[in-house]
There are 2 protein chains.
Amino acid sequence: MPRKVDHDERRQQVVDIARRLIEKEGVDAATVRRVAEEAGCSTTIVSHYFANKHQLLLLIYRRASEGAKDRVRDVLDRSPGDIEACLEALLPMDEPRRRDWHVWFAFWGMAIGDTEFAHEHRTYLREVTRILAGVLQHRFGGRNRTHMYRREGQRLFALVSGIAMQAVFDAQTLPVSRLKSLIATESERLTRVYGIAPEGLP
Amino acid sequence: MPRKVDHDERRQQVVDIARRLIEKEGVDAATVRRVAEEAGCSTTIVSHYFANKHQLLLLIYRRASEGAKDRVRDVLDRSPGDIEACLEALLPMDEPRRRDWHVWFAFWGMAIGDTEFAHEHRTYLREVTRILAGVLQHRFGGRNRTHMYRREGQRLFALVSGIAMQAVFDAQTLPVSRLKSLIATESERLTRVYGIAPEGLP
């Protein structure tokens, strides 16, 4: 039993260290050697927990993506039609959300030419699109709008990704206040295009 | 004289090989060893042309970015207010444009925690935003709109980046026809927000 706990803890520690390295210094920093150094153990031990760097990156990507989906789910548990809060949950409004984007950028670069990574990312994209489309359906209602909302969800996540990229590399031009005003503009546009939100929703 | 030509040719060849490797297999594929193999020369020769992988990537990034700006300039030489054609010049509508995005994704991942890369990318972002703002000014005119058009340029490039990312990783969901319909939707929105295009413009 203690052996199992130790194993899980060590594994968790190794993932956390690798993730922090990627967030801070980019994907090249997360070498088995560097992780071992920071964890204070041998490269043999680090290699034991992960078949290779590939598996390690996949795990870190999944953790960032699950974290983002959890934030969105928290929003929707409270208010299932709150598209503005969903966009806020995804955008790099604070350090943890900014760090998620660092992980995603690192992953996209790796996913070019890597079938497994590309598939993983495609699956995530479709899932986020579906979630956002569901929020729009809840917010604006209407029949036969599934296709329309899916396209809008795709468009919204594209805008979020591109804005996040600019905000990460140019925080001066895109501070948090500007991210908020972008969300407000999108909110107005959505209402104009899809109708007035039913009473009680933002 | 021939010696100089040989040097430039070899340098060009090395950059081209590294770029093709990144475009096809991601940034990890572009090792000095691999480039030397494909160029049919020693790693010593490849290393001679580039201080390190860092410089090589910077050169490849610059080439992709300059290529994109050249495509936009070609559009604007013909029709200075044609924002739709600018967006088409940037989006991954064909293989060469798609390959540019592969290079950018690879670079963003590297630019996290790399001051020189991050600065390079920030400069490019601001330049593209300024170009797009200029196109909007030409197309829709109006006084005191500099700030507004700069924000719109930022927003448009964000949308382009996010859509490109989705199109690269999910070409099935975002085929070229869908990219064209997204441009058409943006075109309508811009006209609605900023006014009717002066006669003679699309």
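Here is the naming used below: chain letters follow the sequence lines, and residue numbers restart at 1 for every chain.
Proximity of A:Gln166 to B:Arg122: side-chain heavy atoms (C-beta onward) are nowhere separated by under 4.5 Å. The shortest distance between side-chain heavy atoms of A:Met165 and B:His121 falls below 4.5 Å. With contacts defined as side-chain heavy-atom distances shorter than 4.5 Å, the pair A:Glu23/B:Ile112 does not qualify.
Interface check for chain B: of the options A:Gly26, A:Ala106, A:Ala118, the most heavy-atom pairs under 4.5 Å are formed by A:Gly26. Heavy-atom pairs under 4.5 Å with chain A peak, among B:Asp170, B:Val103, B:Leu182, B:Ile163, at B:Asp170. For the options B:Leu174, B:Val160, B:Thr129, heavy-atom pairs under 4.5 Å to chain A are most numerous at B:Leu174. With respect to chain B, the highest number of heavy-atom pairs below 4.5 Å among A:Ser161, A:Ala164, A:Ala158 belongs to A:Ala158. Of the listed residues (B:Gly162, B:Ser181, B:Gly113, B:Ala111), the greatest number of heavy-atom pairs within a distance under 4.5 Å of chain A belongs to B:Gly162.
Taking the six-membered ring where tryptophan is involved, the planes of A:Trp108 and B:Phe105 are perpendicular, since the angle between them exceeds 60° and thus also 30°.
Both the backbone and the side chain of A:Phe157 come within less than 4.5 Å of a heavy atom of chain B. With a 4.5 angstrom heavy-atom cutoff, A:Glu120 does not touch chain B via any of its atoms. For A:Ile22, the part lying near chain B is the backbone, with the side chain staying farther off; criterion is any non-hydrogen pair under 4.5 Å. Interface remark: A:Val168 contributes side-chain atoms only to the contact with chain B (heavy atom separation under 4.5 Å). Residue A:Arg189 touches chain B through its side chain alone, counting heavy-atom pairs closer than 4.5 Å. For A:Asp114, no part lies near chain B; criterion is any non-hydrogen pair under 4.5 Å. Within the 4.5 angstrom heavy-atom criterion, only side-chain atoms of A:Leu125, from C-beta onward, approach chain B. For A:Arg192, the part lying near chain B is the side chain, with the backbone staying farther off; criterion is any non-hydrogen pair under 4.5 Å.
Here the CZ-CZ distance, from B:Phe107 to A:Phe169, works out to 8.5 Å after rounding to the nearest 0.5 Å. In this structure, A:Arg178 CZ and B:Arg155 CZ are separated by 9.5 Å, a value rounded to the nearest 0.5 Å.
Just one residue in the list A:Arg150, A:Gln154, A:Arg151 forms a side-chain contact (heavy atoms from CB on, under 4.5 Å) with B:Thr173, and that residue is A:Gln154.
A:Lys69 NZ: more than 12 foreign heavy atoms inside a 6.0 Å radius. In B:His54, the NE2 atom is crowded: over 12 heavy atoms of neighbouring residues, nucleotides or ligands sit closer than 6.0 Å. More than 12 heavy atoms of other residues, nucleotides or ligands lie within 6.0 Å of CD in B:Glu95, so this atom counts as buried by the packing criterion.
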